[in-house]
Amino acid sequence: MYANLTVVDHPLIQHKLTILRDKNTSTAQFRQVLREVAVILGCEVTKDLTLGKIDIETPLEKISAPYLEGKKLCFVSILRAGNGLLDGLLDLIPSARVGHVGIQRDHETLEAHRYYFKTPDKLDERLVIVVDPMLATGNTAIDAVNELKKAGAIKIKFLCLVAAPEGVEKLSKAHPDVPIITAALDRKLNDVGYILPGLGDAGDRIYGTKG
Ligand code: URA
């Protein structure tokens with residue numbers, strides 16, 4: 001369908017996504033389940049990480065065993081909803097470096113306005129995984145990837161929970177080199193830029209800032 005899109009349709013993810021979509025799910029459960037989903041998505045998005053070798057001794061003998069160098073990996077969370085996914089990703093890879101990009105979308109024009117950008121150094125040596133639960137218009141994702149490339153990032157992936165076809169198309173066109181990994185490809189955007197059926201405003205659902 002889209003050459004650079006992977007939909008991770010593992011039954012556990014699909015089950016947990018149903019809980020996240022349900023408007024009656026509490027803030028506490030939403031946060032917890034999102035964290036669990038992030039761990040599973042994290043396995044998919046890191047499946048091609050390169051391994052080094054380390055010499056260790058098992059109780060029986062010495063071996064040279066595979067070993068991940070966490071410092072080669074950088075998660076970049078798009079504030080604020082990205083932090084809901086970040087927590088689970090750091091459960092999985094505690095040694096990963098973390099960057100933050102603050103981008104707010106204008107509710108009328110749906111354009112992205114960046115107010116914060118802080119990343120680790122040597123981005124060119126790292127796999128940079130941008131995380132935001134919702135890929136909606138694609139404007140935020142494109143702005144974040146533009147800025148990361150300017151800061152030196154070469155190998156970038158985009159990880160989200162729910163994607164809209166409009167966002168996938170726009171991001172793929174702007175950055176065809178960036179693989180997109182999602183748990184679901186939803187139907188479409190509504191006229192104010194929310195994903196249908198979606199799960200509402202991810203930030204509000206994570207932090208309980210509405211209702
Ligand atoms: N951001 C959200 O949090 N939800 C959407 O549906 C679209 C963008």
Side-chain angles (χ1 to χ4, degrees), residues 2 5-9 13-14 16-38 41-42 45 75-89 99-117 129-148 157-175 178 180-211:
Y2 299 101
L5 178 74
T6 302
V7 179
V8 187
D9 59 356
I13 293 202
Q14 297 311 309
K16 290 175 193 293
L17 185 55
T18 299
I19 296 170
L20 295 172
R21 289 188 192 277
D22 186 342
K23 68 175 187 181
N24 293 316
T25 296
S26 69
T27 300
Q29 195 185 11
F30 191 95
R31 208 179 286 150
Q32 175 58 33
V33 172
L34 182 57
R35 192 174 185 135
E36 292 164 8
V37 171
L41 285 173
V45 77
F75 294 119
V76 173
S77 169
I78 298 185
L79 300 173
R80 65 186 161 142
N83 282 4
L85 277 177
L86 182 64
D87 292 341
L89 294 167
H100 292 90
V101 183
I103 299 176
Q104 199 142 26
R105 66 175 183 165
D106 184 305
H107 284 295
E108 266 156 35
T109 63
L110 303 183
E111 276 170 22
H113 296 286
R114 191 175 351 97
Y115 59 90
Y116 187 76
F117 186 85
I129 301 175
V130 183
V131 301
D132 188 352
M134 312 302 274
L135 176 57
T137 61
N139 294 341
T140 303
I142 291 170
D143 184 78
V145 174
N146 284 344
E147 214 50 30
L148 286 163
K157 294 187 180 190
F158 188 88
L159 178 65
C160 60
L161 181 68
V162 179
E166 294 90 332
V168 174
E169 254 161 54
K170 208 163 170 184
L171 178 57
S172 309
K173 209 165 169 189
H175 295 290
V178 174
I180 303 167
I181 294 92
T182 186
L185 179 63
D186 274 12
R187 200 171 75 252
K188 63 168 190 162
L189 292 181
N190 71 8
D191 52 9
V192 287
Y194 278 86
I195 300 177
L196 296 174
L199 47 76
D201 186 296
D204 284 339
R205 300 286 313 271
I206 297 164
Y207 298 111
T209 40
K210 203 172 182 188

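One is the number of the first residue; the rest follow in order along the sequence. One-based numbering, in listed order, for ligands and for the atoms of each.
When the options Asp204, Ile103, Ile206 are evaluated for a side chain to side chain contact (heavy atoms under 4.5 Å, CB included) with Arg80, the one that passes is Asp204. Exactly one residue among Val162, Leu135, Leu185, Asn190 makes a side chain to side chain contact (heavy atoms under 4.5 Å, CB included) with Ile195. That residue is Val162.
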Side chain to side chain contact (heavy atoms under 4.5 Å, CB included) for Ile180 and Ser172? Distances and angles first, verdict last. CA-CA 8 Å; Ile180 303 167; Ser172 309; 3.8 Å; yes
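The shortest side-chain heavy-atom distance between Asn146 and Ile142 falls under the 4.5 Å cut-off.
Under 3.5 Å, the side chains of Asp143 and His113 contain no donor-acceptor pair of N or O atoms.
Considering CG of Asp132 and OG1 of Thr140, their distance stands at 6.5 Å, rounded to 0.5 Å.
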Starting from the N and O atoms of ligand 1, find every protein N or O within less than 3.5 Å and list the pair with its distance.
residue  : atom  : partner : partner atom : Å
ligand 1 : 3 (O) : Ala202  : N            : 2.7
ligand 1 : 4 (N) : Gly200  : O            : 2.8
ligand 1 : 6 (O) : Ile195  : N            : 2.8

